[in-house]
Amino acid sequence: MVTTGGVLGSFRLDGRVALVTGGGRGIGQALAVALAEAGADVALLGRSHPAETAARVQALGRRALVVTTDLATAGPEDLAASVDAVVGGLGRLDVLVNNAGMIRRSDALAHSPRDWAAVLRVDLDAVFHLCQAAGRVMVAQGHGRIVNIASMLSYHGGVRVPSYTAAKHGVVGITKALANEWAGAGVNVNALAPGYIATDQTAVLREDPDREREIRERIPAGRWGRPEDLMGAVVFLASDAARYVHGAVLAVDGGWLAR
Ligand code: NAP
């Protein structure tokens with residue numbers, strides 16, 4: 001686990017084990033592959049089998065472990081059991097990436113209790129309980145990295161997504177609260193805030209030509225992000241290179257927030 005190779009070596013994750021939620025597609029797939037490229041074995045936690053991602057991790061010569069858990073129904077004990085399964089299956093846990101997420105779009109006046117509860121459960125409750133379960137392992141071993149996936153809606157109110165905005169603001173709150181508690185124990189808790197990334201989650205925005213153009217024209221980089229644009233940032237936050245970074249929210253947004 002000793003880092004060699006100077007500053008570039010400090011970005012490597014050889015011998016580390018990372019757990020990524022929702023790694024089967026979209027951003028999570030890119031993050032899982034990035035961590036494997038950097039040297040980590042990867043556990044993939046989700047409700048569906050991430051066959052393609054697991055194959056890509058293995059093709060890089062790393063181990064992949066699939067842990068089947070539906071974050072919409074799993075309680076804290078189930079999530080603790082999932083973390084135990086990772087430690088049991090891959091021998092340790094060094095990195096947790098809380099990526100899985102969902103969104104429900106409707107006007108606030110029409111936002112149903114069911115949508116509110118579902119989004120908060122997956123996007124906020126599960127994030128905290130996985131942090132807690134992983135944190136128990138990481139604090140005890142005196143080393144760990146947690147990367148929570150935030151959003152531009154951790155900063156802004158958004159349009160017709162009140163539960164998502166509430167959850168993503170909460171993700172930043174959890175990140176800072178846990179960073180305060182665990183920095184002294186060698187556990188770094190940070191967030192990564194993607195801008196507007198072309199995935200299934202944003203397909204509905206890109207299918208509306210007016211909305212697509214409105215968003216694209218507001219991005220200083222002049223294009224939607226791609227999941228691959230986040231790969232460097234997650235490796236950084238998961239690595240020794242980020243050893244003194246605690247409670248930060250790293251925006252990878254093509255300049256959206258600077259506008
Ligand atoms: P996506 O393509 O819709 O993928 C969502 C992932 O979350 C999938 O792997 C999905 O698994 C998993 N997931 C959803 N509900 C789940 C549940 N109940 N249990 C387990 N896994 C569940 O979305 P994405 O764009 O890659 O988003 C990934 C993360 O980035 C989310 O937290 C999202 O809020 C955040 N984000 C996205 C953007 C963007 O512009 N795309 C911007 C900022 C932040 P299944 O395949 O089984 O459905």
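Atoms within each ligand, like the ligands themselves, are counted from 1 in listed order. If you're wondering where the values come from, they're calculated on a predicted model, not measured in any experiment.
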Salt-bridged, [X] to [Y], with N to O below 4.0 Å?
X	Y	result
Arg160	Asp107	yes
Asp94	Arg92	yes
Arg216	Glu212	yes
Arg213	Asp208	no
Arg223	Asp229	yes
Arg104	Asp123	no

How close does the nearest protein non-hydrogen atom get to [atom], and which residue and atom is it?
atom	result
atom 1 (P) of ligand 1	Arg25 NH1, 3.8 Å
atom 41 (N) of ligand 1	Thr199 OG1, 3.1 Å
atom 42 (C) of ligand 1	Gly195 O, 3.1 Å
atom 32 (O) of ligand 1	Asn99 O, 2.7 Å
atom 33 (C) of ligand 1	Gln201 NE2, 3.4 Å
atom 36 (N) of ligand 1	Tyr164 OH, 3.5 Å
atom 11 (O) of ligand 1	Arg47 NE, 4.0 Å
atom 6 (C) of ligand 1	Gly22 O, 4.0 Å

Check each atom of ligand 1 against the heavy atoms of [X] and keep those under 4.0 Å away; list them by number with element.
X	result
Val122	18 (N)
Ala150	43 (C), 44 (C)
Pro194	42 (C), 43 (C), 44 (C)
Ala100	7 (O), 12 (C), 13 (N), 21 (N), 22 (C), 32 (O)
Asp200	2 (O)
Ser48	45 (P), 46 (O), 47 (O)
Thr202	39 (C), 40 (O), 41 (N)
Ala72	18 (N)

Hey, is ligand 1 close enough to [X] that some N/O pair sits below 3.5 Å?
X	result
Ser151	no
Asp70	yes
Leu71	yes
Ile27	yes
Tyr196	no
Ile197	yes
Ile149	no
Gly101	yes

Given side chains that start at C-beta, do those of Leu230 and Leu31 come closer than 4.5 Å, heavy atoms only? yes

Residue pair Pro194 / Val252, side-chain heavy-atom distance below 4.5 Å: no

Take Asn99 and Leu192 through the test side chain to side chain contact (heavy atoms under 4.5 Å, CB included) and record every step on the way to the result. CA-CA 10 Å; Asn99 162 81; Leu192 176 53; over 6 Å; no

Report, as yes or no, whether the 6.0 Å neighbourhood of atom CZ on Arg114 holds more than 12 heavy atoms from other residues, nucleotides or ligands. no

Is there a donor-acceptor contact under 3.5 Å linking the side chains of Ser106 and His111? yes

My understanding is that only one of Val42, Leu45, Leu35 makes a side chain to side chain contact (heavy atoms under 4.5 Å, CB included) with Leu19; could you say which? Leu45

Once you measure the plane-to-plane angle for Tyr196 and Trp224, does it fall in the parallel (<30°), tilted (30-60°) or perpendicular (>60°) bin? perpendicular

Ligand 1 contact by Ala74, heavy-atom criterion under 4.0 angstrom: no

Against ligand 1, does Ala198 come closer than 4.0 Å with any heavy atom? no

Quick check for you: to the nearest 0.5 Å, what is the distance between His129 atom NE2 and Leu79 atom CG? 8.0 Å

Return the minimal non-hydrogen interatomic distance between Leu257 and Asp253, and the atom names on each side. N-OD2, 2.8 Å

So, for Asn190 and Ala248, which heavy atoms are closest and what is the spacing to 0.1 Å? OD1-N, 2.8 Å

For ligand 1, which part of Lys168 has a heavy atom less than 4.0 Å away: the side chain, the backbone, both, or neither? side chain

Report the part of Pro50 (side chain from C-beta onward, or backbone N, CA, C, O) that has a heavy atom under 4.0 Å from ligand 1; answer both or neither where that applies. neither

